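Computed over heavy atoms, backbone and side chain alike; hydrogens, waters and symmetry mates excluded. Please read these numbers as outputs of a predicted model, since none were measured by experiment.
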Amino acid sequence: MNPGLHGKRGLILGIANEHSIAYGFARLARQQGARLVGSCVNERAYAAVVGLTQALDMPLQVCNVESDSQLESAVLGAVDALGGLDFVVHSIAWAPTVDLHSPVMETSAAGFARAMDLSCHSFARLARICAPHMAGGSMVTMSYLGASRAVPHYGLMGPVKAALEALVRYLARELGPSGLRVHAVSPGPIPTRAASGIDHFDDLLDDARRRAPLGRLVSLDEIAHLTAFLCSDASAGMTGQTIYVDAGYHAIA
């Protein structure tokens with residue numbers, strides 16, 4: 001019998017609203033019996049989501065991952081509250097709007113670097129801070145098909161997600177001897193706040209719905225169930241993978 005996440009302790013970064021992947025996973029993880037601490041980016045986000053996290057009996061912290069001190073404080077706060085960590089979920093991506101809406105060759109160096117730091121390198125920093133507090137377990141981040149294919153209007157986030165998926169493989173190699181597993185979940189397009197910043201995002205949704213073998217988009221619950229599997233003991237023999245949950249869209253030419 002798979003006990004799911006019962007008794008597991010987790011830190012979830014990137015709760016933005018009730019439609020966010022981070023919140024969808026937190027809701028399922030609590031249903032499965034996990035103890036959680038969550039984070040959001042700033043005080044404005046805190047005011048918007050603290051009611052959601054309170055309903056899950058999940059402490060919420062403000063953590064802008066561009067700040068090393070805030071990131072370390074969030075991790076140590078979760079460790080103190082939970083007595084350790086069994087899994088960490090990184091559900092954070094951002095790029096300056098002007099660069100996100102520009103052709104990749106016209107993006108600014110500063111915008112490209114900031115998107116890479118916040119959306120990719122923050123996962124490396126998170127791993128470094130969390131690893132000493134984890135006796136095995138999982139670290140999971142969120143990617144997208146634009147990492148491996150040139151998706152119209154995804155722009156600068158394509159190279160950033162490609163770097164993130166490569167980072168997953170290298171972290172898996174480095175952390176494997178400690179019993180830590182590292183994965184990327186690659187959901188199909190869903191209407192989250194972060195995704196709404198992509199130009200012509202409705203066209204992306206329509207294309208995925210039309211061409212996916214299952215003929216539909218995926219749900220937050222479906223993304224959450226895959227993430228929960230990767231955070232559970234049922235996935236103990238797996239690491240270093242990017243796993244799609246996109247109704248089969250990634251398999252279609």
Side-chain angles (χ1 to χ4, degrees), residues 13-14 16 19-22 41-42 45 63-68 71 90-128 139-174 182-212 217-218 223 240-253:
L13 289 86
H19 304 296
S20 65
I21 290 172
V41 66
N42 54 32
C63 177
N64 180 343
V65 297
E66 292 182 282
S67 164
D68 285 346
L71 186 57
H90 171 276
S91 184
I92 296 169
W94 182 87
T97 301
V98 65
D99 293 289
L100 183 61
H101 292 173
S102 297
V104 175
M105 63 184 176
E106 295 179 8
T107 55
S108 68
F112 199 110
R114 192 174 178 200
M116 189 70 76
D117 178 72
L118 195 151
S119 307
C120 177
H121 192 257
S122 64
F123 189 49
R125 298 196 301 275
L126 178 67
R128 173 179 54 79
M139 299 181 182
V140 179
T141 189
M142 298 294 156
S143 189
Y144 177 62
L145 182 62
S148 58
R149 298 189 186 182
V151 174
H153 309 295
Y154 198 57
L156 137 74
M157 288 307 299
V160 170
K161 291 295 190 181
L164 180 65
E165 292 185 8
L167 176 63
V168 163
R169 295 187 288 272
Y170 279 86
L171 289 178
R173 184 178 188 276
E174 293 171 1
V182 188
H183 288 290
V185 169
S186 184
I190 59 171
T192 63
R193 175 177 293 174
S196 67
I198 299 170
D199 246 354
H200 299 281
F201 185 65
D202 286 344
D203 294 341
L204 195 64
L205 292 174
D206 290 341
D207 186 64
R209 188 183 292 108
R210 183 176 66 254
R211 297 179 62 222
L217 304 177
V218 293
I223 299 167
Q241 299 187 61
T242 296
I243 304 178
Y244 296 97
V245 52
D246 63 357
Y249 182 66
H250 72 280
I252 302 303

* Kindly indicate, with the supporting measurements, whether the criterion side chain to side chain contact (heavy atoms under 4.5 Å, CB included) is fulfilled by D117 and R125. => CA-CA 10 Å; D117 178 72; R125 298 196 301 275; 2.9 Å; yes

Pairwise side-chain contact, [X] with [Y], heavy-atom cut-off 4.5 Å (strictly under):
{"X": "Y170", "Y": "V182", "result": "no"}
{"X": "V185", "Y": "V140", "result": "yes"}
{"X": "R173", "Y": "R169", "result": "no"}
{"X": "H153", "Y": "L204", "result": "no"}
{"X": "R114", "Y": "W94", "result": "yes"}
{"X": "L167", "Y": "C120", "result": "yes"}
{"X": "F123", "Y": "L164", "result": "yes"}
{"X": "H90", "Y": "S122", "result": "yes"}

Determine the minimum heavy-atom distance between [X] and [Y], stating which atoms define it.
{"X": "V218", "Y": "G188", "value": "CG2-N, 4.0 Å"}
{"X": "I223", "Y": "P187", "value": "CD1-CB, 3.5 Å"}
{"X": "P96", "Y": "A115", "value": "CD-CB, 4.5 Å"}
{"X": "S91", "Y": "I21", "value": "OG-CB, 3.9 Å"}
{"X": "G146", "Y": "Y154", "value": "CA-CD2, 3.8 Å"}
{"X": "L145", "Y": "S186", "value": "N-OG, 3.5 Å"}

* How are the rings of Y244 and H250 set relative to one another: parallel (under 30°), tilted (30 to 60°) or perpendicular (over 60°)? -> parallel

For [X] and [Y], indicate whether the former's side chain and the latter's backbone hold a donor-acceptor pair under 3.5 Å.
{"X": "R149", "Y": "G158", "value": "no"}
{"X": "K161", "Y": "A93", "value": "no"}
{"X": "T107", "Y": "V104", "value": "yes"}
{"X": "D99", "Y": "S108", "value": "yes"}
{"X": "H183", "Y": "Q241", "value": "yes"}

* To do: Test side chain to side chain contact (heavy atoms under 4.5 Å, CB included) on L71 and L13 and set out the steps.
  => CA-CA 10 Å; L71 186 57; L13 289 86; 3.8 Å; yes

* Asked: Would D207 and R210 count as a salt bridge (charged side-chain N to carboxylate O under 4.0 Å, His left out) if you check the C-alpha gap in whole Å, the side-chain angles of each, and the deciding distance to 0.1 Å?
  -> CA-CA 5 Å; D207 186 64; R210 183 176 66 254; 2.7 Å; yes

* What is the distance from atom CD of E66 to atom CG of D68, rounded to the nearest 0.5 Å? -> 10.5 Å

* **Atom pair CG/CE of L156 and M105 - distance to nearest 0.5 Å** => 14.0 Å

* Asked: Can L100 and M157 be said to form a side chain to side chain contact (heavy atoms under 4.5 Å, CB included), step by step?
  -> CA-CA 7 Å; L100 183 61; M157 288 307 299; 3.6 Å; yes

* Asked: Where do R211 and Y249 land on the side chain to side chain contact (heavy atoms under 4.5 Å, CB included) test, with the steps shown first?
  -> CA-CA 7 Å; R211 297 179 62 222; Y249 182 66; 3.4 Å; yes

